[in-house]
Every structure is written in C-alpha cells, then in structure tokens.
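Contents: one structure, followed by commentary.
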Amino acid sequence: SNYRFTAPVAGRYLFHLHMGIVRVTSNDGNGYPYIRINGTPVSYSYVRFPTGTAYSPAHVTQIYNLAASDYVDVTFISTNADYYANYTELSFQGCLLG
C-alpha cells in the first residue's frame, strides 16, 4: 500500500512507532525517527551514538486530533546511521480512541 495511516473519521488517534537504529558508520552518529501528519513532522525521537558501532531502539508514542482524510506516516533522518527495515525492528501502529 502507500505506507500511510489515513484517518477514516475525525477523532483522537493513538500512534506508536518502534524503530531499531543500526549501521552507525562513525562516532557521533545520530538518528531521528519522525511521525508526520499530512507530510509535516510533529513528533520525533532522538538517538545519538558516541561510538561507531552501536544499536538502539527508538520509540515515539503520541495522541493526535485528526480530521477525516488526514494521513500519518513515518520518516527517518540521520547522520551516519540507518534503521532495520523489517517487521522485527520496525513497526508503526495507529488506532482511533474516540
């Protein structure tokens, strides 16, 4: 599909992102997993690696008020880091609270 959560109705939604950050290629690498609404970053986590080889999970959990047809997705910005792109270390969930 399009890797987006699209709100079917207006309401409050709970979202959670889990991302395993890996493949740091030098000292002082960092990673920022972002949750975005309609393409605009609204929440993020920050992971910094003081040494060149490291792993760290990053999590973001938030509640947002969304209008019908708003979409929520995830992006990742980094310096000398990458993330696991499989179901064991990368997950994103959203649900309507009411």
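Worth saying up front: this structure is predicted, and the values here are computed from it rather than measured. As a basis for the values below, the full set of heavy atoms in this structure was taken, side chains included, without hydrogen atoms, waters or symmetry mates.
Follow the hydrophobic side-chain contacts under 4.5 Å out from Val72 and you never reach Ile77; the two are in separate clusters. At a threshold of 4.5 Å between side-chain heavy atoms, the hydrophobic network of Ile, Leu, Val, Met, Phe, Trp and Tyr places Tyr32 and Met19 in two separate groups. Under the 4.5 Å side-chain heavy-atom criterion for ILVMFWY residues, a single connected hydrophobic cluster contains both Leu90 and Phe76. Residues Val42 and Phe92 fall within the same hydrophobic cluster, defined by Ile, Leu, Val, Met, Phe, Trp and Tyr side chains chained together at heavy-atom separations under 4.5 Å. No chain of hydrophobic side-chain contacts below 4.5 Å, direct or via other Ile, Leu, Val, Met, Phe, Trp or Tyr residues, connects Leu14 to Tyr34.
Residue Pro33 comes nearest to Leu17 through the heavy atom pair CB-CD2, 3.7 Å, listed as atom of the first residue, atom of the second, then distance. Smallest separation of non-hydrogen atoms from Gly11 and Leu96: CA-CD1, 4.2 Å. Shown here for Asn38 and Ser69, the closest heavy-atom pair between the two residues is OD1-O, 4.5 Å.
Between Pro57 and His18, the closest side-chain pair of non-hydrogen atoms falls below 4.5 Å.
A distance of 6.0 Å or more separates the ring centres of Tyr64 and Tyr13.
Taking CG of Asp73 as the start and CZ of Arg36 as the end, the distance is 4.0 Å to the nearest 0.5 Å. Here the CD1-CZ distance, from Ile37 to Phe5, works out to 11.0 Å after rounding to the nearest 0.5 Å. Remark: Cys95 SG to His16 NE2 distance equals 12.0 Å, nearest 0.5 Å.
The environment of OH in Tyr46 is crowded: more than 12 heavy-atom neighbours from other residues, nucleotides or ligands sit within 6.0 Å.
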